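Everything numeric here is computed off the predicted structure, so don't read it as measured data.
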Amino acid sequence: MPRDRRRPLRPQSRGPHLGLDSHEDKLGFWLFAYGHHFLVDPGRHLYDTSEVSFLPHLRSTRAHSTITVDNQGQHSRGKRDTWIPKGPAALNWSVGEGEARASAAYDLGYGEDNALDAVHRREMVFVKERFWVVFDWVEGQGKRRIDSRFQFGPCDLEWDGVSAHTGFEDANLLLWSIGTKPFASVEARVGRKNPREGWYSRRYGLIEPAPCLVFSSDQE
């Protein structure tokens with residue numbers, strides 16, 4: 001992945017849910033380098049929940065660079081006892097020779113009733129100031145459909161069964177994904193309306209299509 005020494009990555013750990021402004025985006029991240037917002041937080045569009053507003057989608061897990069489980073997103077707002085934090089979010093951080101590592105976990109459940117009990121663990125490694133490696137683990141019972149999602153900013157995107165790359169004239173992002181077994185499907189979802197997927201709001205009141213790359217796999 002390309003990088004910017006000033007702000008190469010903005011990871012998000014398991015902070016508290018804070019009402020309307022909060023997104024269900026734990027362990028998601030934002031990648032900016034060489035003047036391009038490659039992987040993004042999707043924004044907010046409008047601060048209401050009317051039919052024309054994309055805010056309900058943009059604050060959902062489906063709009064962020066993290067995972068969904070059985071097509072269900074995170075539901076931090078369903079755990080009211082966690083809204084007021086008792087201390088800093090659990091984030092492991094270390095710097096070694098030629099690398100820097102950060103890791104955290106989301107364990108509050110998926111789905112509107114938090115009934116889908118799965119734990120997502122993510123570790124990010126910055127290797128020799130050249131590229132990032134993102135490791136994901138999902139813990140839980142039974143067979144699950146795991147969708148690993150990467151929300152791009154508006155761009156031309158080419159992809160195949162394991163990789164994708166942007167098509168800017170100067171700097172680009174190559175994203176290579178490797179699973180423990182072949183992916184069931186890989187697709188870029190752009191500007192979908194029902195359900196909404198692949199949208200980005202760079203400023204208040206503006207919404208535009210942007211690729212959401214989804215790697216799907218069945219895990220036991």
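- No side-chain heavy atom of His75 sits less than 4.5 Å from a side-chain heavy atom of Thr61.
- A continuous path of ILVMFWY side-chain contacts below 4.5 Å connects Ile178 to Val162, so both sit in one hydrophobic cluster.
- Checked by atom type and distance alone, the side chain of Thr68 never pairs as donor or acceptor with a backbone atom of Gly73 at under 3.5 Å.
- Proximity of Phe150 to Phe29: side-chain heavy atoms (C-beta onward) are separated by under 4.5 Å at one or more points.
- Asp25 and His64 make their closest contact through CB-CD2, 3.3 Å (heavy atoms, listed as atom of the first residue, atom of the second, distance).
- Annotation for Arg202 and Pro154: closest pair NH2-CG, 3.7 Å, computed over non-hydrogen atoms.
- We find that Glu24 and Arg62 are not joined by a salt bridge, their nearest charged nitrogen and carboxylate oxygen being 4.0 Å or further apart.
- Residues Arg121 and Glu139 are paired through a salt bridge, judged by an N-O separation under 4.0 Å between the basic side chain and the carboxylate.
- Although no hydrogens or angles enter the test, the distance criterion places a donor-acceptor pair under 3.5 Å between the side chain of Gln151 and the main chain of Pro211.
- Tracing side-chain contacts under 4.5 Å through hydrophobic residues (I, L, V, M, F, W, Y), one never reaches Phe152 starting from Val214; they form parts of separate clusters.
- Proximity of a side-chain donor or acceptor of Ser53 to a complementary backbone N or O of Ser50 within less than 3.5 Å is not detected.
- In this structure, His120 has its ring center no closer than 6.0 Å to that of Trp137.
- Here the side chain of His45 pairs a donor or acceptor atom with the backbone of Phe54 at under 3.5 angstrom.
- With respect to the salt-bridge test (charged N to carboxylate O, under 4.0 angstrom), the residues Asp70 and Arg145 do not qualify.
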> How far apart are the C-alpha atoms of Ser185 and Glu187, what are their side-chain angles, what is the distance that settles it, and do they pass the side chain to side chain donor-acceptor pair (under 3.5 Å) test?
Replying inline: CA-CA 7 Å; Ser185 66; Glu187 61 178 328; 4.9 Å; no
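- Residues Ile146 and Val119 do not share a hydrophobic cluster, clusters being chains of Ile/Leu/Val/Met/Phe/Trp/Tyr side chains in contact below 4.5 Å.
- Using a 4.5 Å cut-off between side-chain heavy atoms of Ile, Leu, Val, Met, Phe, Trp and Tyr, with links allowed through other members, Trp159 and Phe183 fall into the same hydrophobic cluster.
- The backbone N or O of Ser65 sits nowhere less than 3.5 Å from a side-chain atom of Arg149 that would complete a donor-acceptor pair.
- Judged by distance alone, the side chain of Ser216 and the main-chain N or O of Ala184 form no donor-acceptor pair under 3.5 Å.
- Between the side chain of Asp160 and the backbone N or O of Ser163, at least one donor-acceptor pair lies under 3.5 Å.
- The main-chain N or O of Phe32 is never found under 3.5 Å from a side-chain atom of His36 such that the two would form a donor-acceptor pair.
- By the neighbour-count criterion of 12 heavy atoms within 6.0 Å, atom NZ of Lys181 is densely surrounded, having more than that number from other residues, nucleotides or ligands.
- Using a 4.0 Å cut-off between charged nitrogen and carboxylate oxygen, Arg77 and Glu112 count as a salt-bridge pair.
- Side chain of Thr166 to main chain of Phe168: no donor-acceptor pair is present (N/O by atom type, distance under 3.5 Å, no hydrogens or angles).
- The number of heavy atoms from other shown groups lying within 6.0 Å of CG (Asp136) is above 12.
- When hydrophobic clusters are built by joining Ile, Leu, Val, Met, Phe, Trp and Tyr residues whose side-chain heavy atoms come closer than 4.5 Å, directly or via intermediates, Val138 is grouped together with Tyr106.
- Judged by distance alone, the side chain of Trp199 and the main-chain N or O of Arg192 form a donor-acceptor pair under 3.5 Å.
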